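Quantities reported herein were computed from a predicted structural model and do not represent experimental measurements.
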Amino acid sequence: MTAPSTLPGGLDVTTFLRDYWHKKPLLIRGAYPNFEPPLMPDELAGLACEEGIESRIVEKVGANGKPWQASHGPFDEDTFARLGDRDWTVLVQAVDHYVPEVAELLKDFRFIPTWRLDDIMISYAPTGGSVGPHMDNYDVFLIQATGKRRWQLGKFIDEDEPVIQGIDLRILEHFEVDQNQDWVLEPGDMLYIPPRIAHNGVSESDDCMTYSVGFRAPSADEMVTSYADYRGEQLSEMQRYADADLTLGNPGEVDDDALERARQLILSSLDDREQLKQWFGRYMTQTKYPDQLIEPDEYLDATTLREALAEGAEIERALGSRFAWHDEQDAYATLFVDGDGLRAPKALAHLLGSSAPIPAELANDDVSAGLLAKLINRGSLILSDD
């Protein structure tokens with residue numbers, strides 16, 4: 001399955017990437033005409049009450065005189081009963097991991113590499129509900145599902161901006177609205193906001209639901225730390241600092257020659273393109289919630305998989321599972337799956353890295369059948385007889 005050529009609403013993807021992606025906001029009225037939300041407010045509240053699902057409630061006027069208050073789920077019916085009829089928001093993370101119909105929305109954004117997609121967060125708020133003016137370090141598409149929300153955008157923030165202290169939220173102390181970027185979104189409208197643009201969304205109805213499609217943007221700190229740990233596990237104890245060219249000097253001085261030796265040792269240890277590829281593919285496909293990958297009741301091998309497929313079973317990707325690939329020089333590719341890297345035939349790797357259906361014919365090949373069975377046994381794929 002190829003990437004979509006247009007955004008919801010019809011804008012050419014090439015134009016969007018050239019003129020808007022990472023550059024400036026974009027409002028698309030009627031991106032989803034006659035949008036029918038796959039999840040309703042009471043169902044969202046039900047998810048927020050379940051163990052293991054990441055959720056928050058943000059109240060505009062918190063306890064103890066604080067202007068905002070955040071609490072973390074799981075919640076119960078008593079929590080929602082006390083909230084009142086305005087000025088609060090419930091947010092549930094990664095709803096696409098639990099509701100297939102929500103996950104279907106991701107296909108509209110697969111013109112961005114799939115390993116950059118993070119999740120779909122859904123929020124519900126009565127009138128006045130908000131999470132306060134803030135900025136994100138990642139791109140986000142905001143789809144208005146039900147009700148109305150007013151979005152006000154501010155300036156691009158290129159350095160640390162003061163935030164309100166003493167609360168579990170990064171709400172900006174100062175937020176100045178750009179009068180040209182003040183919109184009320186109605187069902188089916190969509191707003192794209194690039195990273196680090198200050199913004200504030202406030203519900204203007206009692207049934208406001210917003211779907212937020214977010215993207216992964218790891219920090220340099222996170223990436224350097226992760227890659228160094230990955231390489232460190234592979235380096236030999238024999239690779240050590242050495243100074244065979246040492247000359248007489250001041251015993252207490254850390255001189256430039258010593259710094260250069262250390263620099264060269266570190267650079268030579270890290271600057272390995274093959275290992276960078278292996279690390280990056282694993283790093284960017286790490287599943288957000290590993291415990292969600294469920295292994296089957298019975299172990300499968302290639303033969304039992306073929307038998308099940310012959311009886312009508314189907315192979316599906318597990319919700320929340322992540323696939324990507326990198327072609328090698330031969331007929332194979334490295335298939336990155338949920339933080340692992342596996343050698344796979346190119347055709348299989350390319351198909352699993354897309355959103356196309358997985359045909360039973362793939363299991364006719366022994367290598368592919370064995371790999372598919374392995375991915376089912378680990379929970380990245382599901383064998384369904386429904």
Side-chain angles (χ1 to χ4, degrees), residues 35 37-99 102 118-136 140-154 163-175 177 182-187 189-191 193 198-214:
F35 185 69
L39 198 73
M40 299 310 292
D42 57 338
E43 296 171 307
L44 186 70
L47 287 177
C49 294
E50 291 190 20
E51 291 281 351
I53 295 182
E54 188 178 351
S55 60
R56 291 175 294 155
I57 289 177
V58 177
E59 298 172 70
K60 193 172 181 180
V61 181
N64 303 320
K66 296 179 181 178
W68 298 87
Q69 176 175 293
S71 51
H72 297 268
F75 303 105
D76 54 30
E77 293 183 2
D78 292 340
T79 301
F80 288 99
R82 73 158 181 80
L83 287 173
D85 57 5
R86 61 171 297 131
D87 296 338
W88 58 270
T89 301
V90 58
L91 308 101
V92 181
Q93 207 74 41
V95 180
D96 55 299
H97 291 204
Y98 310 101
V99 183
V102 172
D118 192 7
D119 68 358
I120 298 180
M121 180 187 72
I122 300 182
S123 66
Y124 166 80
T127 302
S130 173
V131 298
H134 63 285
M135 68 88 185
D136 299 311
V140 62
F141 289 91
L142 301 162
I143 304 168
Q144 193 61 27
T146 62
K148 299 180 180 181
R149 185 180 292 275
R150 183 180 186 183
W151 285 103
Q152 296 176 309
L153 276 57
V163 297
I164 298 175
Q165 300 298 313
I167 56 175
D168 187 20
L169 294 165
R170 292 188 57 79
I171 296 177
L172 300 173
E173 277 189 3
H174 309 291
F175 176 63
V177 179
D182 186 338
W183 305 293
V184 175
L185 270 64
E186 300 191 8
D189 293 342
M190 182 172 73
L191 176 63
I193 303 179
H199 55 282
N200 186 31
V202 182
S203 170
E204 293 200 346
S205 68
D206 288 331
D207 59 345
C208 176
M209 288 189 74
T210 303
Y211 288 37
S212 302
V213 182

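Without hydrogens or angle criteria, Q144 side chain to T146 main chain gives a donor-acceptor distance under 3.5 Å. Looking only at distances, no side-chain donor or acceptor of T210 sits under 3.5 Å from a matching main-chain atom of S123. With hydrogens and angles disregarded, no donor-acceptor distance shorter than 3.5 Å links the side chain of S203 to the backbone of C208. Between the side chain of E173 and the backbone N or O of I171, no donor-acceptor pair lies under 3.5 Å.
Across every non-hydrogen atom of P37 and A145, the tightest pair is CG-O, 3.7 Å. Considering every non-hydrogen atom in both T127 and R86, the closest pair reads O-CB, 3.0 Å. Residues G129 and T89 share a closest heavy-atom pair of C-OG1, 3.3 Å. Across every non-hydrogen atom of T79 and R82, the tightest pair is O-CG, 3.1 Å. The shortest non-hydrogen separation linking V92 to A48 is CG2-CB, 3.9 Å. In terms of heavy-atom proximity, S205 sits nearest to K148 at OG-N, 3.0 Å.
W151 CH2 to D182 CG: the interatomic distance, rounded to the nearest 0.5 Å, is 12.5 Å. Interatomic distance, E43 CD to Y124 OH, rounded to the nearest 0.5 Å: 13.5 Å. From E59, atom CD reaches atom CD of Q69 across 5.0 Å, with rounding to the nearest 0.5 Å. To the nearest 0.5 angstrom, D96 atom CG is 11.5 Å from L39 atom CG. One distance of note links CD1 of I164 with NE2 of H174; it measures 9.5 Å at 0.5 Å rounding. Taken from CG in L185 to CG in L142, the straight-line distance is 8.0 Å, to the nearest 0.5 Å.
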Original post:
Could you walk me through whether H97 and E54 pass the side chain to side chain contact (heavy atoms under 4.5 Å, CB included) check?
Top reply: CA-CA 11 Å; H97 291 204; E54 188 178 351; over 6 Å; no
Subject >> D85/D206 under side chain to side chain contact (heavy atoms under 4.5 Å, CB included): CA gap, chis, key distance, verdict >> reply: CA-CA 8 Å; D85 57 5; D206 288 331; 5.9 Å; no
Original post:
Step by step, would you call H199 with H134 a side chain to side chain contact (heavy atoms under 4.5 Å, CB included)?
Top reply: CA-CA 6 Å; H199 55 282; H134 63 285; 3.3 Å; yes
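W68 is listed as a side-chain neighbour of S130, based on a closest heavy-atom distance under 4.5 Å. Residues Q152 and F175 have side chains in contact (heavy-atom distance under 4.5 Å, counting atoms from C-beta outward). Taking the side chain as every heavy atom from C-beta outward, I122 and L47 never approach each other to under 4.5 Å. Looking at heavy atoms from C-beta onward, N200 lies out of side-chain contact with L172 at the 4.5 angstrom threshold. When side chains are defined from C-beta on, V90 counts as touching F80, because their heavy atoms get closer than 4.5 Å. Under the 4.5 Å side-chain criterion, counting only non-hydrogen atoms from C-beta, L153 is in contact with I193. No side-chain heavy atom of V131 sits under 4.5 Å from any side-chain heavy atom of L169.
Between F35 and Y211, the ring-plane angle classifies as perpendicular under the 30° and 60° cut-offs.
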